[in-house]
Amino acid sequence: MTPVRATFQTQFFLAALTATILALGVAGILFATTMRRQVDDQIESTLVAETRLAAELVGRSAALSTIPELQDEAIRIGDLLRARVTFIAEDGRVVGDSFEKLADLSSMENHAQRPEVIAARTDGVGRARRSSASVKMDMLYAAVPVKHPAIAFVRVAVPLTDVGHQVQTVLTATGTALGLALVGAASIAWLFSIRISQRVRIIAQVARRYESGDLTPPHLGFGDDELGTVARALDQSVQEVGRRLGEQARDRARMEAILAGMVEGVIVVDARGRLQLVNDAARLMLKLTDVAIGRQYAETIRIPAIAELVAEVLLGHRPEALQLSPPRDPSRAIMARAAPAAGSAEHGVILVLHDITDLRRADQIRRDFVANVSHELRTPLTAIRGYVEALSEDDTNAEDRKRFLEIIGRQTQRMERLVKDLLRLARLDAGQETLDLVACDTRLLVEAVVDDLGSAAEERRQRVEVQIAPDSRIVRADPAKLHDALRNLVVNAITYSPEESTILVEAAPVDGRMTMSVSDEGPGIPEEQLSRVFERFYRVDKSRARDPGGTGLGLAIVKHLIELHGGTVRVENRPGGGAKFTIALMAIACLIAGCSTPKAPLASATVPLGVKEDASPAGPSSAEPQLTASGAGVILSWLENVNGDTTLRFSERTASGWSAPRAVVSKRSLLTNWADVPSVMRMSTGTLVAHWLQETDPAAEAYDLQMATSRDGGQTWSPPFSPHHDGTKSEHGFASLFEAPGAELGILWLDGRSAKETSLRAASFDREWTQLFEDAVDTRVCECCPTAAAVTSAGPIVAFRNRSDDETRDIYVSRFVDQTWTEPVAVHNDGWHLNGCPINGPALRANRRDVAVAWFTAPNDEGHAFVAFSQNAGETFNPPIRVDEIGSLGRVDVALLSDGSAMVSWIEFADKHAALMVRQIERSGRRSAATTVSALGANRNSSYPRMARFGNDLLFAWTESDEGTRVQTAIVRLP
Ligand code: ADP
C-alpha cells in the first residue's frame, strides 16, 4: 500500500488548525473558570445585598410581632425577592419562612447552629452552601442580623440549581463564541493554506522547468515575504548559474567552431597519452576513420613519426617540427609541430598539423616560373649579345649590320612584350586590376577588335569574317579588359593559322550566356594538350612557337581576365581542322547602352525613372508613415489623430493594390513624434507584429515601447507587451523591427534608462513570443536618430548614429555573431562633430552577404547623403559614394536590387527648395540620373520619407503638411 502523502496544503492547514484549537481550548477553559467564579461571586454578593435589603425591610416593621404576621412578611419579601426568606429569632427558632407553611414552623429545626447564622452573629454577615434539611435541596444561604424585637437574623436562600443555571448560560455563550471562532479560524487557515500552497506549487513548477533545462525567467513575481525572498534568491542563483553555463556552452561552441573551421589539424593528448580532442582537419589530413577519444593516442594515430613526436614532448623535450606524408598518400606533405599544453607536459600535448602541399606546390610553381622567365629572357639576350658582338667586329658589311640591327630590334621587342605580359599577370595575381563593369553591346565590342587587327590579318592575306547573331545580347563587362582578351585570341588565330586562311569571329547567346568565339584554319592543338594551353609559358610546339614571337603568357592572361568577369574560356579543335576559342559571359536582358569603343566606358542609365501617382490609403490627419516589406507585400503604417485620440493604422499593398486600412491600437496617450514612428511588419510566418510608443510621463517626455501581434491579418491583436523591463520612466523609442533567422523577431531601440546616456538595446522573441534576451548593443549613442536593422545570410546587422566622447556622431554598425553583438564599427569616419542630435538616422538593407547603408552627414556644415556597400555581410564597407546632387537634408532610405546596386532616396535641398529624390547607385560608384519623387512643401521639416521595394516597384510614403497633415504615397517602376 502506498502511504498517503499529506500535501503541503493539508499539513499547513492541520498545523494551523491544531494551533487554533489549542489556543481556543486554553482560552476557553481559562475564560470559563474565571466566568464561573465571577458569576458565583456576583450571585453571592447579590444574595447578600438582597438579604441586607430584606433585613432593612424587616427592621422597619417592628410592629410585627406574632408568628403569623412574621410568616406573612417572610412570604411577602420572599415573593419580592423570588427567594426563600427565613426569619430566625435570637434563640434560633424559625419565626417565618417563605418556603414553609405556618403550621410547620414550630416543627422546624432550631437554626441557631446553622453556619450562616453563626457567621452572621459573629461577622455581621454569613454565607453557606449546603443541602437544606427543611426544603431538601442544595441552597446558597446568606444571613444578616436584624434589629427587630422578634427577629434576630434574616436569611435569604436561593436554590443552587438557579446559580448553576446562570453559570451554565454564561458557559454556553462562551462555548458558542469559541465554536464560531474556531470555524472562522479554520476557514482562514484553509484559505491561507491554499494561497501559500499555490505559491509553493508555482515555485516548484518553476524549479521543475529549470530542472528540465528551460531557464526562461517566470513572468510572475514571487511576492515580498520570506517565501518570495527565498524563491527570488534561488531564482537569481539559477539564472546566474544558467548564464554561466550558457557562457561556458557558448565558449565551448565557439572553441569547437574555431577548431572545426581551422585548416590546421589539431590533436590534444593528455599527460597519460590519452586522446582528448581531434578536429576535423586532423582527421582528414591523417585519414583517421575511427577516433576513440579517451583511448591511447597510439591506438588511433598509427604513424610512428607522430607517436615519436608526442612521446618526446611527454618526456619533457622540445622536438623540432617534422614533415611527413599521410598514410598511402605520398603526394601530400604535412608539417607536424608538438608542444606541451599550457607550457608543461603535465597538462598534455598539443599537436598542430599544417598541410603544406599547396605551399610546396606554390614554391615549385614559383621556381618553375623563375626558371621559365630566365629561360625566356636568356634566349633574346643571348641573341642580342651575339649580334652586338658581331656588330662590334670591324669586318661586318653594311647589309649584315642592317640585318643584325633588325634582329636586335626584334629581340628587344620580344623582351619588352614578355616584361609587359609578366607585369600584367603580376597585377592580375595581386588583384590590382579591378573591373569597371558597364553594359556592353557585344557587336560593337567584336567589331572594335576586328577593326584593330584588320591590317595584321591583311599582312598575312587572311580574311576575318564576323558573324553576330541577331539576338545577341548586352554583357556586363569591363570593355577594355574584354577587348584585350578577345584581341589576344584573334592575334593567336592570325599568328598560328596559315596565310590566306579565314578567321571566323562569332557572337551568339547560348543557354542564357553570351558567347564570343574565334575559329581559325590552323593546325589546331593536340587533344592531350588542350587543357594545358592556358598555363603560363605553355607552348604547343616550342620550336614552332618561337618564330611567331609569342611569350606563352597570352592565354594565361585571357583566362585571368575572363574569370575576373565570372565567365569562362575554353578551347576545342574544329572538326575540319583549326582551333576554336570560346569566351562565355553572363548576359543581361535589357539594353541600357552600347559601347562604341573600349577606351570610353559608358555611363549607365541617365534617364530619370517614371513616377506614378498613387492614391494613399491613409486618411486626413495622418502622419508618421513607415513602410516594411515582406514576401507578401509592403505594409504602410501611420498614425491618425481624430478628436484627440491617436490611432495606429496600416494597409498592405499586394499585387491587388492597397488593402482596406485596419487599426492596431487607438489611445489618447500614444506618443506622436515625426521622427520616432510606429511600425507594422509581416513575419514570414504570416503573423503581423506592430510597435508603438506609449507615454508614461509626458512631463518628463518618458514613453515605453509597446508591441502586439496578430494572427488574423490585423483583425484582432494580442495584449500589448514590451521588450524592455527596466521599469524606469524614461525614453524608449526609435525602434526597428526585424525578422531574425528561425522566425524570431528582433527589435532594436534607443533607451534612456540611464539618465546620463542614451543606449542602443536589442531584444528578441521566439515563435511563441517568449522573450529570449535583452541586451545593450552600445551604451552611448546619439539620442534621437532613427535606428536601422537588416538580416544578412550571416545574421542580423544594425546601423545607428553613434556618439563618441568628443561628440563625433558618425554612423556605426554592429553584427549579431555567436549570440553577441560585435563591437560597433564606423561605416566611414566622417568626423561629424555636433553638440546635439541631428535627428537623421541611417538606412540599412541586406540581401544575403550584400549590405547597403545610406546616411546623412555634414562635417563641414554642408549636408550630404552617402551610401556604402559591403559584400561580406557588413564586416567591412567600401568607401562611401555621394548620393545627393547639390545638398541634402538627409532622411535617407535604401533598397537593394538583385544586381547588388542600390536605390537610395534622400531629401535634396538646394536654393531653399526641398524634394524627395531617388537614384540607382552601383557598387562601382556609377550613379543613375536622379528622379524627383515629390517636391516637399513648406513644412518639409516634419516629413521623414520612407521607401520600400516590392517586386519591380519602389513604394514611397511621406507626410504632406500644407493644410493639416496627410500621408502620401507614390510608385516608381524600377528599370
Ligand atoms: P603565345 O604568346 O606563345 O601565343 P599563348 O598563351 O597565347 O602564348 O598561347 C600558348 C600556346 O598555345 C601557343 O604557344 C600556341 O602553341 C598555342 N596556341 C594558341 N593559340 C593557338 C591557335 N589559334 N592555334 C594553334 N595553337 C595555338
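Counting convention: from 1, in listed order, for ligands and their atoms alike. Every heavy atom of this structure was used, including side-chain atoms; hydrogens, water molecules and symmetry mates were not.
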Peer 1: At a 4.0 Å threshold, what atoms of ligand 1 neighbour a non-hydrogen atom of Ile525?
Peer 2: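 Near Ile525, meaning under 4.0 Å from one of its heavy atoms, ligand 1 has 25 (C), 26 (N), 27 (C).
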Peer 1: Considering only heavy atoms of Thr551, which atoms of ligand 1 have at least one such atom less than 4.0 Å away?
Peer 2: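 Taking each heavy atom of Thr551 in turn, ligand 1 has 1 (P), 2 (O), 3 (O) under 4.0 Å.
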Peer 1: Would you name the heavy atoms of Asp452 and Arg487 that are closest together and state the gap between them?
Peer 2: OD2-NE, 3.2 Å
Peer 1: For a quick test of reading the model, state the closest non-hydrogen atom pair linking Met285 to Leu353 and the distance between them.
Peer 2: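 Looks like CE-O, 3.4 Å.
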Peer 1: Is a donor from one side chain sitting under 3.5 angstrom from an acceptor on the other, for Gln920 and Ser901?
Peer 2: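 Side chains of Gln920 and Ser901: pair found under 3.5 Å.
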Peer 1: We want to know whether Gln364 and Asp368 form a side-chain donor-acceptor pair, criterion being a heavy-atom distance below 3.5 angstrom.
Peer 2: yes
Peer 1: Atoms of ligand 1 less than 4.0 Å from Gly524 heavy atoms?
Peer 2: 25 (C)
Peer 1: Identify, by atom number and element, the atoms of ligand 1 in contact range of Tyr538, meaning under 4.0 Å from any of its heavy atoms.
Peer 2: 10 (C), 11 (C)
Peer 1: Polar contacts were defined as any N/O atom of the residue lying under 3.5 Å from an N/O atom of the ligand; does this apply to Phe581 and ligand 1?
Peer 2: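 So ligand 1 has no N or O lying under 3.5 Å from an N or O of Phe581.
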Peer 1: Taking distance alone, with no angle check, do Pro523 and ligand 1 share an N/O pair under 3.5 Å?
Peer 2: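 There is no such contact.
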Peer 1: Report the part of Asp520 (side chain from C-beta onward, or backbone N, CA, C, O) that has a heavy atom under 4.0 Å from ligand 1; answer both or neither where that applies.
Peer 2: side chain
Peer 1: Give yes if a backbone or side-chain nitrogen or oxygen of Asn488 is under 3.5 Å from a nitrogen or oxygen of ligand 1, and no if not.
Peer 2: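 No.
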Peer 1: If you measure every N/O of Leu555 against every N/O of ligand 1, is any gap under 3.5 Å?
Peer 2: yes
Peer 1: Taking only heavy atoms of Val540, which atoms of ligand 1 are found under 4.0 Å from at least one of them?
Peer 2: 16 (O), 17 (C)
Peer 1: Return yes if a side-chain donor-acceptor contact under 3.5 Å exists between Glu521 and Ser497, otherwise no.
Peer 2: no
Peer 1: Here's a test for you: under side chain to side chain contact (heavy atoms under 4.5 Å, CB included), which of Ile921, Val894, Leu896, Val918 qualifies with Met903?
Peer 2: Val918
Peer 1: Whether the side chain of Gln462 engages the backbone of Ile494 through a donor-acceptor N/O pair (distance < 3.5 Å, no angle test) should be reported.
Peer 2: yes
Peer 1: Just by distance, do the side chain of Arg927 and the backbone of Arg882 share a donor-acceptor pair under 3.5 Å?
Peer 2: yes
Peer 1: If you measure from each heavy atom of Gly552 to ligand 1, is any distance below 4.0 Å?
Peer 2: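 A heavy atom of Gly552 does come that close to ligand 1.
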